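Below you'll find the structure, written out as C-alpha cells, and then a few comments.
Since the model is a prediction, treat every value here as computed from it, not as a measurement.
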Amino acid sequence: MDFGFTLKPENDLARTVDLTKRAEANGFTYGWLFDSHVLWREAYILLTLMGQASQHLRLGTCVTNPATREPSVTASALAVLDELTDGRMDLGIGRGDSARRVLGKPPTTMETLEEAITVIRDLVEGRSVTFEGTDLQLPWTGRWHLPVWVAGYGPMAIAMTGRVADGLILQLADPDLIRWFAGQLREAEAAVGREAGSVKIQAAAPAHVGPRELGRERTRWFPALVSNHVVDLVNKYPREQLPESLTGYVTDRTGYDYHHHAEVGSSNAAFVGDDVTDRFCVLGEAAEHVDKLHALADAGVDQFNVYLMNGDEEAQLEAYGREIVPLLRGVAAQ
C-alpha cells in the first residue's frame, strides 16, 4: 500500500514546506493539495514549494476541476512542475465542489470532465490536441507521463474513470463501500478491454492516531463534506441503487456552509453521528489503524491518502511513520 497526505492550503508557506519534508521522511510517497482558490491559498504555488522541498514524493491536486481552471492552463502548470520535479506530478480532478460553489456556480458535467482529462494529459505529454475548435500543443514539453486520478462516486463517474483514468479517488475509508465501488470500477475496466486493476484505487480520508473520542471530534467534519456528494448522488440516481450505508446518514442534513468547509468543529457536522465518522475515517490507536488499513487493502485500496488537517499534524505524521507505514508498505490491494 502506498501512503499519501493531503494538506488544506491554510498553512503558512514555511509550515507547508515543513510538513512536506516530514511526510517524505516518514515514508509517505504522495503529497496532495486541495484546490479551492477562494477558500485557501493558491495550490500551484504551494505545489512548487512542495516540489522543491521533496526528492521522491509524487505531487498533485486532490482535486482540481476543469472550470475554475481552463484545461490548457492546468496542463501548462503541470508540465512546468514536471520540469521542476523531474516528472513527479499527478493530476487529481473532479467535476468541482467547493471551488465552484463558493463562486455560486455548479459542478461541471461529466462530458466536460472527460474532455478536459484528455486535453490536459495530451498537452502535458507533448501531443497536439483540438480543443474548442483550435489546434493546441505545448512545444516545450513531452518528456513526462501524467497519471490521472478522478474523484467521483456515481456510476457515470466510475464508468468514465474506467475508460480514461489511471486512478479513482474515493473520499471515504469504509471497506464495505470501497469494495462496492471497486466492483463497479472493475466492470468499467472490462467493458473497454482494460486489464482488471489497471485503475488504482485511492481511499482519501482523515486519520487520527489516539483516543477514539478525540479522533471523532477532530474528524466529524469529513462525513459532512462527503454528504455534499451523497446528496448529488441521491438527486441523480434512485435511492434503491445506492447503499444505505452511504446515503442513510444524510436524512437529517439541513444544509452546508462552504465557508466552513473541511473545518474541525464546524457546525456543518452537527448531523453526523459516531458510527458514520468511525466508518468513513481511520481512528483509534495505531493497531486499530493497521487493522483497518489491512481491511481497506483487502477491499481493493492501493493508496491511503491521509487528510492531514485535524490538528497535531506533525505528531500524526510521526505516528504513521513509526507505527503504521512500515507494517503496510508491502501489502497489496486485492
Give the C-alpha distance, both sets of side-chain angles, the deciding distance and a yes or no for side-chain hydrogen bond (donor to acceptor under 3.5 Å, both in side chains) between T16 and R41.
CA-CA 11 Å; T16 297; R41 290 169 172 80; over 6 Å; no
Would you name the heavy atoms of D35 and A43 that are closest together and state the gap between them?
OD1-CB, 4.0 Å
Below 30° counts as parallel, above 60° as perpendicular, anything between as tilted: where do the rings of F280 and F222 land?
perpendicular
Could you check whether any side-chain N or O of T64 sits under 3.5 Å from a backbone N or O of I93, counting only pairs where one atom can act as donor and the other as acceptor?
no
Within-4.5 Å side-chain heavy-atom neighbours: D312 and R218
yes
Do you know the tightest heavy-atom contact between M160 and I117?
SD-CD1, 3.9 Å
With a 4.5 Å cut-off on side-chain heavy atoms, are E318 and N26 touching?
yes
Can you name the nearest heavy-atom pair linking G300 to I201, along with the distance?
O-CB, 3.5 Å
Same apolar cluster: L123 and L146, side chain cutoff 4.5 Å
no
Do V119 and L81 share a hydrophobic cluster (ILVMFWY, side-chain heavy atoms under 4.5 Å, transitive)?
no
Check: E42 side chain, Y44 main-chain N or O, donor-acceptor pair, under 3.5 Å
yes
Within a strict 4.5 Å, meaning less than it, do heavy atoms of the L177 and P243 side chains meet?
yes
Testing R179, R279, K292 for salt bridge (Lys or Arg N to Asp or Glu O under 4.0 Å) with D174, which one passes?
R279
Between the CZ atom in R127 and the CG atom in L138, the distance rounded to the nearest 0.5 Å is 11.5 Å
Quick one, F271 and T254 - any side-chain contact, counting heavy atoms below 4.5 Å?
no
Any ion pair linking K21 and D18 (charged N to carboxylate O, less than 4.0 Å)?
no
Is it the case that one hydrophobic cluster holds both L225 and V150, taking links as side-chain heavy atoms less than 4.5 Å apart, direct or via other members?
yes
Over 60° means perpendicular and under 30° means parallel, so classify the ring planes of Y153 and F181, tilted if in between.
tilted
Report, as yes or no, whether the 6.0 Å neighbourhood of atom CD on E213 holds more than 12 heavy atoms from other residues, nucleotides or ligands.
yes
Do T6 and N305 pair up side chain to side chain, a donor and an acceptor below 3.5 Å, judged on atom types alone?
yes
Below 4.0 angstrom, N of the basic side chain to O of the carboxylate: do E10 and R15 qualify?
no
Could you tell me the separation between the CE atom of M89 and the CD atom of E83, rounded to the nearest 0.5 Å?
12.5 Å
If the plane angle is over 60° it's perpendicular, under 30° parallel, otherwise tilted; pick one for H261 and Y258.
tilted
Please check if the side chain of Y249 supplies one atom and the backbone of P223 the other of a donor-acceptor pair under 3.5 Å.
yes
Would you say L13 ends up clustered with L47 if hydrophobic residues are merged whenever their side chains have heavy atoms under 4.5 Å apart, either directly or through other cluster members?
yes
Verify whether one side chain among E111 and T109 offers a donor that lies under 3.5 Å from an acceptor in the other.
no
Which atom pair, heavy atoms only, marks the closest approach of A224 to V272?
N-CG2, 3.8 Å
Is it true that V199 and M1 fall in one hydrophobic cluster, defined by side-chain heavy atoms closer than 4.5 Å?
yes
Between D232 and R101, does any NZ, NE, NH1 or NH2 come within less than 4.0 Å of an OD or OE carboxylate oxygen?
yes
Is the shortest side-chain N to carboxylate O distance from R212 to D278 below 4.0 Å?
yes
Taking the side chain as everything from C-beta on, heavy atoms only, tell me whether F34 gets closer than 4.5 Å to L39.
no
Closest approach of G152 and L170, non-hydrogen atoms and distance?
O-CD2, 3.4 Å
Any Lys/Arg nitrogen of D2 or R58 sitting under 4.0 Å from an Asp/Glu carboxylate oxygen of the other?
no
Check the side chains of W32 and Q303 for a donor-acceptor pair under 3.5 angstrom, ignoring hydrogens and angles.
yes
Given side chains that start at C-beta, do those of R22 and F28 come closer than 4.5 Å, heavy atoms only?
no
